[in-house]
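Since the structure is predicted, the reported quantities are computational estimates derived from the model, not experimental observations. In what follows, chains are A, B, ... by sequence order, proteins preceding strands, each numbered from 1.
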There are 2 protein chains.
Amino acid sequence: MLAVTVSITAVALARKLALLWRGMPPSEASPPVRMKDIARELGLSVVTVSKVFRGHVDISEETRRRVLARMEQLNYRPNLAARSLATGRSYTMGFIAPDLVHPFFSELAKHIAGAVRRNGYHLLMSSSQEEASLEKEEIEHLLARRVDVLIVASSQPDPGGLRSVAERKTPLILIDRRYDRFPAHFVGVDDVLVGRLATQHLLEQGCRLIAYIGSANASTSLGRLAGYREVLAGAGAGYRPEYVATRSHGDDVGDETGYAAMKSLLALRPRPDAVFCHNDPTAMGAMKAILESGLRIPADVAVVGCGNVRYSEFLMVPLTSIDQDCAGLGKKAGRLAIELLNRPVKRPRTILLQPTLIARASSVAARF
Amino acid sequence: MLAVTVSITAVALARKLALLWRGMPPSEASPPVRMKDIARELGLSVVTVSKVFRGHVDISEETRRRVLARMEQLNYRPNLAARSLATGRSYTMGFIAPDLVHPFFSELAKHIAGAVRRNGYHLLMSSSQEEASLEKEEIEHLLARRVDVLIVASSQPDPGGLRSVAERKTPLILIDRRYDRFPAHFVGVDDVLVGRLATQHLLEQGCRLIAYIGSANASTSLGRLAGYREVLAGAGAGYRPEYVATRSHGDDVGDETGYAAMKSLLALRPRPDAVFCHNDPTAMGAMKAILESGLRIPADVAVVGCGNVRYSEFLMVPLTSIDQDCAGLGKKAGRLAIELLNRPVKRPRTILLQPTLIARASSVAARF
DNA sequence: TTGAAAGCGCTACCAT
DNA sequence: ATGGTAGCGCTTTCAA
């Protein structure tokens, strides 16, 4: 009997080694270790093993040691599907952005992920391509996956589409873009201030005919527009509706939108001598349009963007931009998310970070 | 009895409406609908409901209709944790890249996600920050989550770190970066050809002293270097080791690496009259260094990057770059991943796409 | 300090 | 065509 066992084992081992030798994985990998396996080996119950794993206190030091040691050896990893089913938590958060290739949102994703990582949380990310319907679909998809928290930089024109989420028990955190009087947590910057900073800066550079390129979809764009108008009004510089370009079509490609919008603005008389763009990709497109028209930046037209995206300084003309502290936003959102897992659902919290202007060549001393 | 029931329902409804009215979510959302609920309502068994949901054939048209109708009404969503536990699949794939803010990789992620989306798959994404140890950690993390497929743009200096993955049953797809004689699927471009295209192009522009900036970590960089050397040798243009800069430290910030490397290269005599950078962020850094030194692009130094990243044309000087068909890579990888879910594990497949050169101002007619 | 039992929601297998 | 039974691997509750 023993001989037979040995010989079978030997054959199996030989086969395995042969496969490894040829650089191939074994045809049948050993199935993952389960608590049951460890329990049986150590003559304990599954419950005890589970308790040790979760750091429960009513376990003797001796037992704990043995279990942990064995887990280490076998490289035990809990089956999260099983755990999810039992606990009702997925240890997963959803993050939806209009465009994950836009450096602002990918940077955001990176920092959120970093903030929740230590708590064993992973991010399921989706891109809505700046389309409200796709966003709704993705929200449903993530909700079906039972994400524990949903973080959304929303593309909904109004909060109606998010209403159904708010009605479920999954906590919802809006980031960057928000809706007034909508019962969800919010992490972002003061967009009106963003608009003020940018416009004020352009005025200080001597610009007088300041245009704005925004998007009709995004709340951020509206806030920035408000700040822009406010400062213009205060300066007596006059607000001209024709200097404001806000497209409503889904622009997950801000650069193209910015290019087209700037082309139109440049055709106006008097021609604008500055443009404030509601995000950096849009500003890139605008800069391209300006240079193509044979005009100089900032001498003929000064440009200010927003987001202070990673590659801003490598653009045609280094881009002045409003920094939104992307890293800060991500971290705050991540921390808030973790907090919401345990705390009872309190009233919506709003976290606002301060935007700051980073001056670069695209605007500095435009008129001098 | 009926009266009582009605009154309870009415009270509950009123409470719910009151809450909605105030714009707040109901304090306790109704728990998700389960197959059990639908089965009970319709006087069927859970099994039948399950079969309908999964499009099984042995179901009467009548039953199917009723079940689907009810599911629609109740907006039924399966509990994926339960399904995972029962099937052993997570309906999730892992994607690890050196840097998800790098537009090349975020674009890749976007297309992979798009390709697997219709199959009900979501992507768990992680960034390894170009560090081998972090990558290993993330791999373990994703494996613990039982992702069904793992797609990795690896930062390992050698495949040793991936060996343990290859030995498990989770299919592994390497993307962009690969290792010779390593038993994993691969989707990428022919990197030697990339190097040839870039170098050949620069020679054709009249450049003779062509430098290379790469990374010691990435297989891609080595392949491109090989192509570069090959062409230089063939042209009798001579290969000068001092013109090759490959840093080994983790450069998830290619732009800084490129900047520093270019600074050194510019100090050489004779000074290079062209530089081929193994990716676009590196090229951005290099361009900055060149312009800062008061030199012109391409007249003094021509630049070619690789990746043809979304914003390449908006840079200081529109950047000539080797396009790797990012969208194609993503789609191919996604399709392969789906295929691997069902097919038995066959021998590693290699999918190579053709790179193409996109000429822009940073290199064109450099010497004329 | 330990563990038996029950159950999370779904699917696989095999009867009927 | 339909459904009963038996899990999947883990946590929760409560008894020992």
Side-chain angles (χ1 to χ4, degrees), chain A residues 30-68 70-71 74-92 120 143-148 169 341-342, chain B residues 30-68 70-71 74-92 120 143-148 169 341-342:
Chain A
S30 49
V33 190
R34 299 155 304 174
M35 287 189 172
K36 191 197 292 187
D37 303 321
I38 295 179
R40 183 153 11 86
E41 279 188 32
L42 268 44
L44 293 168
S45 79
V46 180
V47 181
T48 305
V49 175
S50 172
K51 282 181 175 168
V52 170
F53 189 72
R54 285 172 297 147
H56 236 263
V57 283
D58 13 335
I59 295 291
S60 75
E61 210 33 67
E62 164 70 0
T63 307
R64 177 187 312 284
R65 213 184 30 67
R66 288 176 58 213
V67 172
L68 288 178
R70 197 69 190 119
M71 283 183 164
L74 298 177
N75 191 30
Y76 170 77
R77 301 280 176 236
N79 179 323
L80 294 184
R83 179 185 281 185
S84 288
L85 188 55
T87 60
R89 281 191 180 186
S90 67
Y91 302 92
T92 276
L143 249 24
R145 279 196 184 275
R146 307 293 195 273
V147 292
D148 296 340
K169 73 167 207 305
L341 295 173
N342 313 308
Chain B
S30 50
V33 190
R34 299 156 303 173
M35 288 191 173
K36 192 197 293 187
D37 303 320
I38 295 179
R40 184 154 11 86
E41 280 187 32
L42 267 44
L44 292 168
S45 80
V46 181
V47 179
T48 304
V49 175
S50 172
K51 281 182 176 171
V52 169
F53 190 72
R54 286 173 296 148
H56 235 265
V57 283
D58 5 333
I59 296 290
S60 74
E61 210 32 67
E62 164 70 1
T63 306
R64 178 189 311 285
R65 215 184 28 66
R66 288 175 57 212
V67 172
L68 288 178
R70 198 72 190 117
M71 283 183 163
L74 297 176
N75 191 29
Y76 170 77
R77 300 281 177 236
N79 180 321
L80 294 185
R83 180 185 280 186
S84 288
L85 189 54
T87 61
R89 283 189 179 185
S90 68
Y91 301 91
T92 276
L143 249 22
R145 278 195 183 275
R146 307 293 196 272
V147 293
D148 296 340
K169 75 166 204 308
L341 296 173
N342 311 308

Separation of atom CZ in B/Arg40 from atom P in C/dG9, rounded to whole Å: 11 Å
Value for CZ (B/Arg146) from OH (B/Tyr91), rounded to nearest 0.5 Å, stands at 15.5 Å
A/Tyr76 vs A/Met35 side-chain heavy atoms within contact, under 4.5 Å: yes
Look at A/Thr48 and C/dG3 and indicate whether a side-chain polar atom (N or O) is within less than 4.0 Å of OP1 or OP2. yes
List for me each residue that meets side-chain contact (heavy atoms from CB on, under 4.5 Å) alongside B/Leu68, sequence neighbours excluded, and say none if there are none. B/Val52, B/Arg64, B/Met71
Nearest-0.5 Å distance, CD1 of residue A/Ile38 to CZ of residue A/Arg66: 11.5 Å
When the side chains of residues 55-62 of chain B are checked against the rest of the protein, which donor-acceptor pairs come out under 3.5 Å, sequence neighbours left out?
{"from": "B/Ser60", "atom 1": "OG", "to": "B/Thr63", "atom 2": "N", "distance (Å)": "3.1"}
{"from": "B/Ser60", "atom 1": "OG", "to": "B/Thr63", "atom 2": "OG1", "distance (Å)": "2.7"}
{"from": "B/Glu62", "atom 1": "OE1", "to": "B/Arg65", "atom 2": "NH2", "distance (Å)": "3.0"}

Reckon A/Thr63 touches a base, only the sugar-phosphate, or nothing at all at heavy-atom distances under 4.0 Å? sugar-phosphate
Whole-Å distance between C/dT2 C1' and A/Glu61 CD? 16 Å
Value for CG (B/Asp148) from OG1 (B/Thr87), rounded to nearest 0.5 Å, stands at 7.5 Å
Quantified as the angle between the terminal helix axes (five pairs each), what is the overall bend of the helix from C/dT1-D/dA16 to C/dT16-D/dA1 to 10 degrees? 30°
Using the salt bridge (Lys or Arg N to Asp or Glu O under 4.0 Å) rule, pick out the option among A/Arg70, A/Arg34, A/Lys36 that qualifies with A/Glu41. A/Arg70
Please figure out whether B/Leu44 or B/Leu85 has its closest DNA chain D nucleotide nearer the 5' end. B/Leu44
Can you tell me how far apart CG (B/Leu74) and CG (B/Asp37) are? Round to the nearest 0.5 Å. 8.0 Å
Summarise how protein sits on nucleotides 10-16 of chain C as a single string, 5' to 3': B when a protein heavy atom is under 4.0 Å from the base, S for sugar-phosphate-only contact, - for no contact. BBB----
Rounded to the nearest 0.5 angstrom, the CG-OG distance for B/Leu44 and B/Ser50 is 12.5 Å
So the contacted stretch of DNA chain D, first to last nucleotide with an atom under 4.0 Å from a non-hydrogen atom of chain B, runs from D/dA1 to D/dG9
Inter-residue atom distance A/Leu341.CG - A/Arg89.CZ, 0.5 Å rounding: 5.0 Å
Looking at residues at least two apart in the chain, or sitting in another chain, which of them share a side-chain contact (heavy atoms from CB on, under 4.5 Å) with B/Ala39? B/Val46, B/Val49
